[in-house]
Q: 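My structure is below; once you've seen it, I'll send some questions.
Each chain gets a letter, A, B and so on, in the order its sequence line appears, and its residues count up from 1.
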2 protein chains.
Amino acid sequence: MAAPKRLTQHDIAKLAGVSQATVSLVLNGAPTALARIPQETRERVQQVIRTTGYVADPIARRMAKGLNRILGVFTYEPAFPSAQADFFTPFLLGIEEEAQIQNYDLLLLTGAGVGQDRKIFADGNRLRIADGCLVLGREFDRAELTRLVSGDYPFVAIGRREDAGGPVPYVGGDYANGTRALVEKAGALGHSKLAYIGPPGPAESTADRWSGFDGALGNGLELVLHIETVGRAADEILDALFGSGATVAFFVELADAVRVEAAARACGLSIPGDFSAVVLGSHIRAERSHVQFTAFDIPREEMGRQATAMLVRRIESGEPGQQILLTCEPVEGETLGPAKRRT
Amino acid sequence: MAAPKRLTQHDIAKLAGVSQATVSLVLNGAPTALARIPQETRERVQQVIRTTGYVADPIARRMAKGLNRILGVFTYEPAFPSAQADFFTPFLLGIEEEAQIQNYDLLLLTGAGVGQDRKIFADGNRLRIADGCLVLGREFDRAELTRLVSGDYPFVAIGRREDAGGPVPYVGGDYANGTRALVEKAGALGHSKLAYIGPPGPAESTADRWSGFDGALGNGLELVLHIETVGRAADEILDALFGSGATVAFFVELADAVRVEAAARACGLSIPGDFSAVVLGSHIRAERSHVQFTAFDIPREEMGRQATAMLVRRIESGEPGQQILLTCEPVEGETLGPAKRRT
DNA sequence: ATTAGCTGCTAATACGCATTAGCAGTCAAG
DNA sequence: CTTGACTGCTAATGCGTATTAGCAGCTAAT
């Protein structure tokens with residue numbers, strides 16, 4: 001059989017014995033126009049719509065009116081593949097929740113290139129199918145961001161973004177202050193020689209952690225070791241740590257912290273007995289590791305929610321788009337203790 | 001700021017001194033048509049396009065072509081909330097992958113009601129926005145399924161479904177044979193008195209497990225205990241297990257198995273030393289538990305992929321829709337051992 | 001000299017919907 | 001009995017593109 005033809009308003013109209021225009025009016029006419037269609041007719045049309053399951057074609061709708069209550073979600077990495085799933089899922093949860101409240105559907109922009117090479121503006125940008133879009137990913141393509149900013153298509157980024165030919169609307173986590181608070185906490189516990197395991201940039205997320213860290217130094221707090229590469233062998237890190245005399249290590253990556261902790265335990269060292277460890281961010285599935293690291297919380301769901309809400313405001317009221325940083329509350333954890341005098 | 005009007009082919013046409021149709025042809029005319037436009041004209045048009053940065057409006061493009069390359073994904077429970085996330089994610093991974101290959105976007109049907117009360121045909125449902133849709137969920141609404149089957153809207157279910165006024169197109173896992181294989185394996189290891197912890201229905205997924213189990217009985221294999229409710233206290237289950245003389249327990253729910261295993265260990269019992277345990281299905285994050293249960297694998301990603309591919313075929317070639325069951329390979333695990341003679 | 005075929009285009013239409021102008025009928029007021 | 005207001009609808013148009021039919025002008029063959 002050939003592809004079943006889509007129902008159109010015309011079909012509905014014929015079934016209800018009215019004109020296509022009337023069907024459209026019943027569906028979404030202005031109150032003034034609706035007032036002129038008697039209850040009886042309206043119900044007849046509604047009835048046909050209900051029994052047929054007709055829904056307006058979003059494409060045509062968008063053509064005619066420019067809006068279709070669809071939000072695009074563009075991810076710079078495939079959204080679900082396991083490695084990424086853990087990363088995107090909490091955001092999507094928040095996004096879905098808010099979208100539902102606002103009565104928008106979500107369109108996952110998936111086809112825009114394969115694998116790593118995802119480009120928003122790939123094939124003549126199917127982006128515009130949606131009324132606006134959310135952009136997420138660890139690292140953005142700067143050129144595309146610039147193009148987005150300069151265009152008139154509403155979007156909101158999740159995660160803070162540096163200006164790109166203009167301010168980028170975003171909802172991010174305040175990693176800088178989250179980090180600062182943890183550094184100060186360490187200071188209050190008597191730590192003065194600190195280690196930082198993680199790059200100082202260039203992605204905004206890492207840059208912010210570093211700037212928060214760096215800004216909290218002084219006042220007797222001193223950076224004695226900085227390992228910029230992630231994924232170094234745990235032993236190496238451990239050795240460097242002790243060689244430097246640091247009493248507390250700040251990790252950008254949970255994975256590094258986990259490996260170092262394991263290595264330390266293997267050497268008979270205890271955390272925070274022998275040294276303290278702090279993770280700069282909350283990580284999904286952290287509960288899987290045995291240790292509850294001292295860290296700060298990243299309100300991912302809330303970021304998703306607020307970004308969605310902002311996007312809807314941009315779409316519906318043409319609001320200019322703001323930059324919001326959500327507080328990252330500290331997570332107590334059990335790996336930050338008083339500084340230990342090393343002999 | 002007012003939205004700067006988008007460039008159209010009409011504008012390009014005027015600038016190049018040709019008609020709109022010519023512009024369209026230059027952009028994507030069939031070779032036969034293109035052959036009739038001289039190089040010179042083509043270049044003039046291209047030039048204008050390049051200097052203006054014109055890009056065809058994808059919406060209008062889809063409108064004209066009649067397909068919108070969108071696949072709907074309907075979930076009977078919200079897709080991301082943490083509890084469900086683990087359940088849906090692997091399917092979505094496969095779906096996303098295949099959709100990307102086929103160059104379709106995914107529309108998450110989110111607005112279709114809140115919380116538990118999701119209905120495909122809910123009022124104002126926007127299912128038909130998509131060219132076709134995938135339906136997933138633990139349990140389906142039978143009435144809705146019937147309606148879907150009788151309609152001409154292309155869809156594919158994930159997970160086997162009983163006929164609903166006609167055969168339901170699906171891609172599922174062959175739980176019955178997966179279960180049967182495990183039962184036979186237990187038999188080969190000398191087990192003869194079996195326990196089954198889980199309901200015999202009504203959902204297809206549980207019914208299939210039960211029927212596979214039930215069908216493998218006989219030949220010296222005997223069901224000596226059947227606990228139909230899930231979530232019973234672990235102690236109770238353990239007591240019943242020993243009271244019945246069963247040497248191996250088949251669990252529908254991993255959670256039950258985990259709890260019973262913990263309770264057993266607390267009593268100083270070992271698995272599979274003192275009794276064996278088998279889980280009927282693979283469960284995401286199983287690795288979190290300490291024990292690797294003997295089970296069968298559910299190829300969730302592959303199910304997602306194949307369902308998506310089938311749906312695309314239905315949409316594009318009007319194919320009738322099949323019923324596919326994917327093999328569920330056994331997972332060795334460490335909880336199924338030789339039957340122990342109980343004293 | 002008619003026809004046939006080619007070249008280089010364009011006009012016209014369809015896609016499905018939203019929206020506006022306006023038509024035919026009724027009814028009340030003047 | 002005319003005017004005006006109101007009711008209940010519909011015809012017509014536009015959105016930006018793809019596509020098909022076909023026109024005008026020319027050449028070459030019959």
Side-chain angles (χ1 to χ4, degrees), chain A residues 3-46 49 52-70 123-129 131, chain B residues 3-45 49 52 54-70 124 126 128-131:
Chain A
K5 237 186 67 71
R6 238 188 129 81
L7 273 176
T8 70
Q9 287 190 344
H10 212 90
D11 302 325
I12 305 299
K14 271 191 295 192
L15 289 173
V18 295
S19 72
Q20 176 264 323
T22 304
V23 175
S24 179
L25 287 177
V26 167
L27 278 174
N28 42 23
T32 62
L34 267 181
R36 304 185 51 180
I37 298 176
Q39 189 64 17
E40 200 199 337
T41 305
R42 267 186 280 175
E43 270 171 13
R44 193 151 30 91
V45 174
Q46 301 273 24
I49 289 176
T52 54
Y54 165 83
V55 183
D57 180 337
I59 298 291
R61 201 184 188 118
R62 172 131 181 118
M63 259 253 65
K65 155 158 120 164
L67 287 184
N68 55 19
R69 296 202 87 80
I70 290 178
D123 79 54
N125 83 54
R126 310 173 315 126
L127 210 54
R128 295 191 107 90
I129 292 167
D131 295 337
Chain B
K5 232 185 72 69
R6 242 187 113 79
L7 275 176
T8 72
Q9 289 190 345
H10 214 91
D11 303 325
I12 305 299
K14 271 191 296 190
L15 288 173
V18 294
S19 73
Q20 176 265 323
T22 304
V23 176
S24 178
L25 287 178
V26 168
L27 279 174
N28 42 21
T32 62
L34 266 182
R36 304 185 51 178
I37 298 176
Q39 188 65 17
E40 199 199 337
T41 306
R42 266 187 279 173
E43 270 172 12
R44 194 152 29 93
V45 174
I49 289 176
T52 54
Y54 165 83
V55 183
D57 181 349
I59 296 296
R61 207 181 185 123
R62 287 189 184 190
M63 170 106 191
K65 287 233 241 241
L67 265 191
N68 46 30
R69 300 201 85 81
I70 293 178
R126 322 211 309 141
R128 291 190 123 86
I129 285 175
D131 296 331

Q: For the residue pair Ile70(A) and Arg62(A), establish whether any side-chain heavy-atom pair is separated by less than 4.5 Å.
A: no
Q: Side chain of Lys65(A) only, heavy atoms from C-beta on: which candidate in dA12(C), dT17(D), dA18(C) is closest?
A: dA18(C)
Q: Using heavy atoms to find the nearest nucleotide of DNA chain D for Leu27(B) and Arg36(A) separately, return the residue whose nucleotide is more 5′.
A: Arg36(A)
Q: How about Leu27(A) and Tyr54(A): do any of their side-chain heavy atoms sit closer than 4.5 Å?
A: yes
Q: Atom CG of Leu34(B) to atom C1' of dC6(C): distance rounded to whole Å?
A: 17 Å
Q: Report which part of the nucleic acid Arg61(B) touches: base, sugar-phosphate, or nothing (heavy-atom distance under 4.0 Å, all strands).
A: sugar-phosphate
Q: Counting side-chain heavy atoms from CB outward, which of dG8(D), dC15(D), dA18(D) is closest to Pro38(A)?
A: dG8(D)
Q: How long is the line joining CG of Asn28(A) and P of dG16(C), in whole Å?
A: 17 Å
Q: Mind listing the closest non-hydrogen atom pair of Met63(A) and Ala60(B) along with its distance?
A: SD-CA, 3.9 Å
Q: Any side-chain N or O of Thr22(A) less than 4.0 Å from the OP1 or OP2 oxygen of dT10(D)?
A: yes
Q: Contact class for Val23(A) vs. all strands (heavy atom < 4.0 Å): base, sugar-phosphate, or nothing?
A: nothing
Q: Does Gln9(A) put a side-chain nitrogen or oxygen below 4.0 Å from OP1 or OP2 of dA18(C)?
A: yes
Q: Looking only at the side chain of Ala60(B) (C-beta and beyond, no hydrogens), which of the listed nucleotides dA12(D), dA18(D), dT17(D) gets closest?
A: dT17(D)
Q: Output the rounded distance in Å from CG (Asp57(B)) to C1' (dC15(C)).
A: 13 Å
Q: Check the phosphate of dC17(C) against Tyr54(A), side-chain N and O only, distance under 4.0 Å to OP1 or OP2. Yes or no?
A: yes
Q: Round to a whole Å and report the spacing from CZ of Arg62(B) to C1' of dT19(D).
A: 19 Å
Q: State which residue, out of Val18(A), Ile37(A), Thr41(A), fulfils the side chain to side chain contact (heavy atoms under 4.5 Å, CB included) condition with Leu25(A).
A: Ile37(A)
Q: Rounded to the nearest 0.5 Å, what's the gap from OG on Ser19(A) to NZ on Lys14(A)? Could you check?
A: 13.0 Å
Q: Counting side-chain heavy atoms from C-beta on, which of dC17(C), dT10(D), dG8(C) comes nearest to Ala64(A)?
A: dC17(C)
Q: How long is the line joining CG of Asp131(B) and P of dC15(C), in whole Å?
A: 16 Å
Q: What's the separation between atom CD in Gln9(A) and atom CG in Asp57(A), rounded to the nearest 0.5 Å?
A: 10.0 Å
Q: Mapping Met63(B) and Gly17(B) onto DNA chain C by nearest heavy atom, which one lands closer to the 5' end?
A: Gly17(B)
Q: Can you tell me the distance, in whole Å, between the CD1 atom of Ile59(A) and the C1' atom of dA14(C)?
A: 16 Å
Q: Here's a test of your reading of the structure: between Ile37(B) and Gln20(A), which maps to the more 5' nucleotide of DNA chain C?
A: Ile37(B)
Q: Tell me the interatomic distance from His10(A), atom NE2, to dA18(C), atom C1', rounded to whole angstroms.
A: 16 Å
Q: If you only use heavy atoms from C-beta on, which nucleotide in dA18(C), dT10(D), dG16(C) is closest to the side chain of Ser24(A)?
A: dA18(C)
Q: Does a nitrogen or oxygen in the side chain of Thr41(B) sit under 4.0 Å from OP1 or OP2 of dC9(C)?
A: yes
Q: Using whole Å, what does the distance between atom P of nucleotide dC15(D) and atom CG of Asp11(B) come to?
A: 11 Å
Q: Inspect the surroundings of CD in Gln39(A) and state if more than 12 heavy atoms from other residues, nucleotides or ligands are less than 6.0 Å away.
A: yes
Q: Write down the atom of Ala56(B), the atom of Arg61(B), and the distance for their closest heavy-atom approach.
A: CB-NH1, 3.3 Å
Q: Let me check the geometry of the helix from dA1(C)-dT30(D) to dG30(C)-dC1(D). What is the bend angle between the axes at its two ends, five pairs each, to 10°?
A: 80°
Q: Name the closest nucleotide to the Leu25(B) side chain, picking from dA18(C), dC15(C), dT10(C).
A: dT10(C)
Q: Nearest 0.5 angstrom please: Ile49(A) CD1 to Asp11(A) CG, how far?
A: 12.0 Å
Q: Taking only side-chain N and O atoms of Thr8(A), does any of them lie within less than 4.0 angstrom of OP1 or OP2 on dG16(C)?
A: no
